[in-house]
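Note on naming: letters A, B, ... go to the chains in the order of the sequence lines (proteins, then strands), and numbering restarts at 1 for each one. The shown structure was predicted, so the numbers you read here are calculated from the model rather than taken from an experiment.
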Protein chains: 2
Amino acid sequence: MKSRNSVRPATEVPIGTLAEAAGVNVETIRYYQRRGLVDEPNKPLGGHRRYSPSAIKRVVFIKRAQQLGFTLEEVKALLRLEDGQSCGETRVLAEHKLAIIEERLADLNRMRRLLKTLISECSAGKRPRSCPIIATLSAGV
Amino acid sequence: MKSRNSVRPATEVPIGTLAEAAGVNVETIRYYQRRGLVDEPNKPLGGHRRYSPSAIKRVVFIKRAQQLGFTLEEVKALLRLEDGQSCGETRVLAEHKLAIIEERLADLNRMRRLLKTLISECSAGKRPRSCPIIATLSAGV
DNA sequence: ATAAGTTCCGTACCCTGGTACGGAATCAAG
DNA sequence: CTTGATTCCGTACCAGGGTACGGAACTTAT
């Protein structure tokens, strides 16, 4: 017999390959496992674990969600909705995140306008002293 | 004599009051002092330090800037704009900060656009079977 | 004047999101 | 079957941004 006790489809890869495919490093995968975001397949008694393509998807999902500003805890919540059946709940999470991001955008835009003003006044030599940046950004205190 | 050796305007408050007014806790103020973001007023020989309203503004500013994604080191640089004497120096600093802010804005805008798209697809119920947010997060792997 | 509440100061510890290390076991190729 | 690369697993460490602790000194209210 050729195959002693298991046929391993090429799609089932070891952790290094998973990490590479997902664009993170091995330690990060393990870290996600410790955090409960990725699960450890049970390993073939004394052997090395193998991961299915869905694990790759999962890790990529995590990275993408992070880029959208979700923390790992939040990503965990999103992953629980991964079956795609709880669209409503998912949407609430997304809307909440969106609101936070929009607030930050507003603040940041204010800051940007202020800096631009400061810079142009500086160039014009109008203001030898300091700028009202703090006064403006800490307004309403 | 009533006032032994100093008149203390009510606006000059002790650290606990400062912390409360700024919405952070005392330890955080001290931490900022260690990091050089807030300075320690010299204390009346053996007594307790008192802080002026500008200290409150400063702390509030720090918190806001942080929410916008600036690290404490960056906030420190921003604060030097306010303290700044030399206009030329200030301008360079301001231009640098402006660049950082614009990057951050770009990031946040990207997140916002994506989230908005996803949310609206969700609402439109275009994909009845699977949630578009989840689908996008796992797509194309 | 005395008790209760703050402040001061140093040091130690916490969480988040990872990265690094190192020895033993296991796998894959020649 | 030997060699070199991976995996496993635990533990330690990193940066950033704080929080907690504890005793002594000081302030404030009664």
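By the 4.0 Å N-to-carboxylate-O rule, A/Arg104 lies too far from A/Asp107 to be salt-bridged with it.
Between the side chain of A/Lys97 and the backbone N or O of A/Gly69 there is at least one donor-acceptor pair closer than 3.5 Å.
Axis angle, first five pairs versus last five pairs of the helix from C/dA1-D/dT30 to C/dG30-D/dC1: 20°, rounded to 10°.
Summarising the geometry, the separation between CZ on B/Arg35 and P on D/dG18 is reported as 9 Å, rounded to the nearest angstrom. When rounded to the nearest whole Å, the span between CG of A/Leu72 and C1' of C/dG18 equals 9 Å.
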Summarise how protein sits on nucleotides 4-15 of chain D as a single string, 5' to 3': B when a protein heavy atom is under 4.0 Å from the base, S for sugar-phosphate-only contact, - for no contact. --BSBS------
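Using a 4.0 Å heavy-atom distance criterion, A/Lys63 is classed as a sugar-phosphate-only contact. Within 4.0 Å of B/Gln66, counting heavy atoms only, lie sugar-phosphate atoms of the nucleic acid but no base atom.
At least one side-chain nitrogen or oxygen of B/Tyr32 sits closer than 4.0 Å to the OP1 or OP2 atom of D/dG18. The side chain of A/Asn25 contributes an N or O atom lying less than 4.0 Å from OP1 or OP2 of C/dT19. Side-chain nitrogen and oxygen atoms of B/Thr28 include none within less than 4.0 Å of the OP1 or OP2 phosphate oxygen of D/dG17.
Among residues two or more places apart in sequence or in another chain, the side-chain hydrogen bond (donor to acceptor under 3.5 Å, both in side chains) test is passed with B/Thr117 by none. In terms of the side-chain hydrogen bond (donor to acceptor under 3.5 Å, both in side chains) criterion, B/Thr17 has no residue partners (sequence neighbours excluded). For A/Glu95, the salt bridge (Lys or Arg N to Asp or Glu O under 4.0 Å) partners are A/Arg91, not counting sequence neighbours. With sequence neighbours left out, A/Ala94 forms a side-chain contact (heavy atoms from CB on, under 4.5 Å) with B/Leu115, B/Ile119, B/Ile133. Residues that satisfy the salt bridge (Lys or Arg N to Asp or Glu O under 4.0 Å) test with B/Arg112, not counting sequence neighbours, are A/Glu102. Here A/Glu89 pairs with nothing under the side-chain hydrogen bond (donor to acceptor under 3.5 Å, both in side chains) rule; sequence neighbours left out.
Among residue pairs with one or both ends in residues 13-41 of chain A, those qualifying as salt bridge (Lys or Arg N to Asp or Glu O under 4.0 Å) are A/Arg35-A/Glu73, A/Glu40-A/Arg49; sequence neighbours excluded.
Comparing B/Thr71 and B/Gly46 along DNA chain D, the residue whose closest nucleotide (by nearest heavy atom) sits nearer the 5' end is B/Thr71. Toward the 5' end of DNA chain C, the nearer of the two residues A/Leu45 and A/Tyr31, judged by each one's closest nucleotide, is A/Tyr31.
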